[in-house]
K.L.:
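Once you've had a glance at the structure underneath, I'll fire off some questions.
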Amino acid sequence: MKFAKDFLFGAATASYQVEGAWDQDGKGKTNWDEFTKIPGKTFEGTNGDVAIDHYNRYQEDIALMAEMGLESYRFSISWARIFPDGSGRINQKGIDFYNNLIDECIKYGIVPFVTLYHWDLPLPLEQQGSWLNKNTVDAYLEYALLCFNAFGDRVKHFITFNETVVFANLGYLAGAHPPGIENDPKKYFQVIHNVFYAHAQAVIAYKKLNQFGEIGLSNVFSPAFPVDESADNIFAAMHANQFQMNWFFDPILLGHYPQYVIDKLSENNLLPDWTEQELATIKKAAPLNDFMGLNYYQPMRVEKIKGEVGAHINTLENSTGSPGNPSFDHVYKTVKMDNKRYTKWNWEISPTAFIDGLEMLKSQYGQIKLYITENGLGDEDPIIEGEVCDISRIHFINDHLLAVKEAIDRGVHIKGYYAWSAIDLLSWLNGYKKQYGFIYVDHNDNLKRKKKASFYWYKDVIASRGATLK
Ligand code: BGP
């Protein structure tokens, strides 16, 4: 039971969730710097002003990752460190920071896996309409090109965007992320299209540079399954997969949007404003896209709505993923089931659904190259006699890594696994009490780092290439 030598064992973070230093060395403000200051938007008003101060402590953090044997570190670049105004003026100190971070990884033989956009948008762009404004697409291309040119000699894996569905959904349907707009499906679909157009242009631009690296995008992977085998619920799952999966995977991998969703959107006057040239660019980029990143936490169990739609639950704890809400078009709702296991935040734990979903993906898209770019357990870790005993996390990652291996054995082409997260960090809406890391950060003691039980466990998994998984 060993993973291939070129399979990457990694772990991930994102700039806003770890860096802190929100105004240090010329960084511009971002949408999240503002949004988290609005009362009631985050758990106890937590924000990333300091986060875990990775900006100033990255050397210590990378040394710990190296000690764990991490083969690859997925992190994101904060656009506003490099372009404080979103475009135009360049802040050299921002470039220096990422050069140092990349060099530090390479010093230990850790492969840097870089996300260009993990939700923190320079504030001036947010104020000018965010992803609804096509100028943001142009600014993104300028930023992406700078990153390719500045870092592409050492970075051979670029992710253009992280989880479009999440920032579009929470930003324009649930109102829980910036810009905090509720129930506006027209804008929601427009944002997604603009982001995919930006992705396509970035992929084409990257390939022109001949840097001989890989480029792709990370999507949420939350395959939908019917709660039972009734025809209504099988239909509900098909509908959910079309809107939540195909709408996000088809344009990247096949170069066009799924006809089923296009038809539904045009019936309801919700089609994005797109041009033939934009659609042609998306088509042209698809075969150049090297991989798809999958962020898998849980599947969806869905049921067709009959009669009463029911209220939309929008608490901080559940707006990021626990079941119970109707789809925006009121066709189906996600359901918490009695016979399934859930985390403390009501996210289902299901390695089996992971395998089934991967099979589903293979049957639709063939043997595309995949990386699991996020997977992990959000928990409040027990501390016993001073030791962080995150045994539940060990079980979670163990079982999901076994699922990855099983999928590989069944012919799914997976080249790496990134646990979320390398180190405890800020959960966007749920503060610091929702932990994911292999390394604990003590917020009562000067952000001191401490290795958890899972740190030693993952170290053994990596060293044995998975042979120690049970
Ligand atoms: C993903 C995001 C990550 C991370 C993770 C856990 O959607 O890409 O940035 O936050 O979810 O989410 P949460 O912190 O809400 O538990």
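Everything numeric here is computed off the predicted structure, so don't read it as measured data. Heavy atoms only: backbone and side chains are in, while hydrogens, waters and symmetry mates are out.
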K.L.:
Determine whether the side chains of Gln211 and Asp153 contain a donor N or O and an acceptor N or O closer than 3.5 Å.
P.N.:
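Their side chains do not contain a donor-acceptor pair, so the 3.5 Å distance test is not met.
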K.L.:
I want to know whether Trp131 and Tyr117 have ring centres closer than 6.0 Å.
P.N.:
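Centroid distance Trp131-Tyr117: below 6.0 Å, so yes.
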K.L.:
Do the side-chain N and O atoms of Thr30 and Asp33 include a donor-acceptor pair separated by under 3.5 angstrom?
P.N.:
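Yes, side-chain donor-acceptor contact under 3.5 Å.
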K.L.:
With ring centroids as reference points, do Tyr257 and Trp274 lie under 6.0 angstrom apart?
P.N.:
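Yes, the ring centres sit under 6.0 Å apart.
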K.L.:
Are Glu308 and Lys333 ion-paired here, with the side-chain N under 4.0 Å from a carboxylate O?
P.N.:
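Between Lys333 and Glu308 there is no salt bridge, as every charged N stays at least 4.0 Å from the carboxylate O atoms.
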K.L.:
Are Trp247 and Phe189 close enough that their ring centers fall under 6.0 Å?
P.N.:
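Yes: the rings meet the under 6.0 Å criterion.
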K.L.:
Quick one: pull up CG in Asn268 and NZ in Lys264 and give me the separation to the nearest 0.5 Å.
P.N.:
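Answer rounded to 0.5 Å: 8.5 Å.
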K.L.:
With no hydrogens and no angle check, just 3.5 Å: does a side-chain donor-acceptor pair link Asp290 and Tyr206?
P.N.:
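No - no donor-acceptor pair under 3.5 Å links their side chains.
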K.L.:
Taking the six-membered ring for Trp and the full ring for Phe, Tyr or His, determine whether the centres of Phe221 and Tyr297 are under 6.0 Å apart.
P.N.:
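Centroid distance Phe221-Tyr297: not below 6.0 Å, so no.
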K.L.:
For Tyr417 together with Phe7, are the ring centres under 6.0 Å from each other?
P.N.:
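When the ring centroids of Phe7 and Tyr417 are compared, they turn out to be at least 6.0 Å apart.
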K.L.:
Can you name the closest pair of heavy atoms from Ile215 and Ala202 and give their distance?
P.N.:
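Smallest interatomic distance, heavy atoms only, reads CD1-O, 4.2 Å.
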K.L.:
As a test of understanding, state which of Tyr143, Trp119, Tyr98 forms a ring-ring contact (aromatic ring centres under 6.0 Å, His included) with Trp79.
P.N.:
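With Trp79 as partner, Tyr143, Trp119, Tyr98 yield a single ring-ring contact (aromatic ring centres under 6.0 Å, His included), made by Tyr143.
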K.L.:
Do the side-chain N and O atoms of Glu104 and Asn100 include a donor-acceptor pair separated by under 3.5 angstrom?
P.N.:
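There is no such pair (donor and acceptor under 3.5 Å, judged by atom type) between the side chains of Glu104 and Asn100.
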K.L.:
Answer with yes or no whether the side chains of Ser15 and Asp120 bring together a donor and an acceptor at under 3.5 Å.
P.N.:
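Yes, Ser15 and Asp120 have a side-chain donor paired with an acceptor closer than 3.5 Å.
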K.L.:
Are any side-chain N or O atoms of Gln17 and backbone N or O atoms of Gly48, one a donor and one an acceptor, separated by less than 3.5 Å?
P.N.:
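Answer holds: no.
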K.L.:
Does the side chain of Tyr16 pick up a donor-acceptor pair with the side chain of Thr36 at under 3.5 Å?
P.N.:
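Indeed, the side chains of Tyr16 and Thr36 share at least one donor-acceptor pair under 3.5 Å.
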K.L.:
With no hydrogens and no angle check, just 3.5 Å: does a side-chain donor-acceptor pair link Ser130 and Glu126?
P.N.:
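Judged by distance alone, the side chains do pair up.
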K.L.:
Return yes if some donor-acceptor pair links the side-chain N/O of Ser72 with the main-chain N/O of Ile110 below 3.5 Å, else return no.
P.N.:
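Here the side-chain-to-backbone pair does not exist.
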K.L.:
Answer with yes or no whether the side chains of Ser218 and Asn162 bring together a donor and an acceptor at under 3.5 Å.
P.N.:
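Side chains of Asn162 and Ser218: no pair found under 3.5 Å.
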K.L.:
If we ignore angles and hydrogens, is there a donor and acceptor under 3.5 Å between the side chains of Ser230 and Asp228?
P.N.:
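Yes.
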K.L.:
Between Phe113 and Tyr73, is the ring centroid distance below 6.0 Å?
P.N.:
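No - the distance between ring centres of Phe113 and Tyr73 does not fall below the 6.0 Å cut-off.
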K.L.:
Please check if the distance between the ring centroids of Tyr260 and His239 is under 6.0 Å.
P.N.:
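Centroid separation for Tyr260 and His239: below 6.0 Å.
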K.L.:
Please determine if Asp49 and Lys37 form a salt bridge, counting it only when a charged side-chain N lies under 4.0 Å from a carboxylate O.
P.N.:
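Judged by the 4.0 Å cut-off on N to carboxylate O distance, Asp49 and Lys37 do form a salt bridge.
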K.L.:
Do Gln364 and Asp250 have side-chain atoms, one donor and one acceptor, less than 3.5 Å apart?
P.N.:
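The answer is no; no qualifying pair exists.
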K.L.:
For residues Arg341 and Ser350, is any side-chain donor paired with an opposing acceptor at under 3.5 Å?
P.N.:
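No - no donor-acceptor pair under 3.5 Å links their side chains.
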K.L.:
Just by modelled atom types, is the Glu348 backbone N or O under 3.5 Å from a matching donor or acceptor in the Gln298 side chain?
P.N.:
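Here the side-chain-to-backbone pair exists.
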K.L.:
Taking the six-membered ring of Trp347 as reference, does the NZ or CZ atom of Lys336 fall below 6.0 Å from its centre and within a 45° cone about the axis?
P.N.:
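Verdict for Trp347: no cation-pi partner in Lys336.
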K.L.:
Under 3.5 Å, is there a donor-acceptor pair between the side chain of Glu303 and the main chain of Val227?
P.N.:
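Checking the backbone N and O of Val227 against the side chain of Glu303, no donor-acceptor pair under 3.5 Å is found.
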K.L.:
How long is the gap from CG on Asp424 to OG1 on Thr13, to the nearest 0.5 Å?
P.N.:
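Interatomic distance, Asp424 CG to Thr13 OG1, rounded to 0.5 Å: 12.0 Å.
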K.L.:
Is it true that the side chains of His199 and Asn289 contain a donor and an acceptor less than 3.5 Å apart?
P.N.:
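Side-chain D/A pair, His199 to Asn289: present.
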K.L.:
Can you find a side-chain donor-acceptor pair between Gln367 and His413 that sits under 3.5 Å?
P.N.:
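Looking only at side-chain atoms, His413 and Gln367 do not form any donor-acceptor pair under 3.5 Å.
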K.L.:
Return the minimal non-hydrogen interatomic distance between Lys29 and Ala80, and the atom names on each side.
P.N.:
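Nearest heavy atoms, Lys29 then Ala80: O-CB, 4.2 Å.
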K.L.:
Between the side chains of Asn99 and Asp96, does any donor sit under 3.5 Å from an acceptor?
P.N.:
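No pair is found: no donor N or O on one side chain lies under 3.5 Å from an acceptor on the other.
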K.L.:
Under a 3.5 Å cutoff, is there a donor and acceptor pairing between the side chains of Asn233 and Arg301?
P.N.:
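There is no such pair (donor and acceptor under 3.5 Å, judged by atom type) between the side chains of Asn233 and Arg301.
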K.L.:
Would you call Lys434-Asp379 a salt bridge at under 4.0 Å N-O?
P.N.:
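Salt bridge absent between Lys434 and Asp379.
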K.L.:
So, Tyr140 side chain and Thr160 main chain: donor-acceptor pair closer than 3.5 Å or not?
P.N.:
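Indeed, once roles are kept as given, a pair shorter than 3.5 Å links the two residues.
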K.L.:
Salt bridge between Arg89 and Asp85, side-chain N to carboxylate O under 4.0 Å?
P.N.:
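Asp85 and Arg89: salt-bridged.
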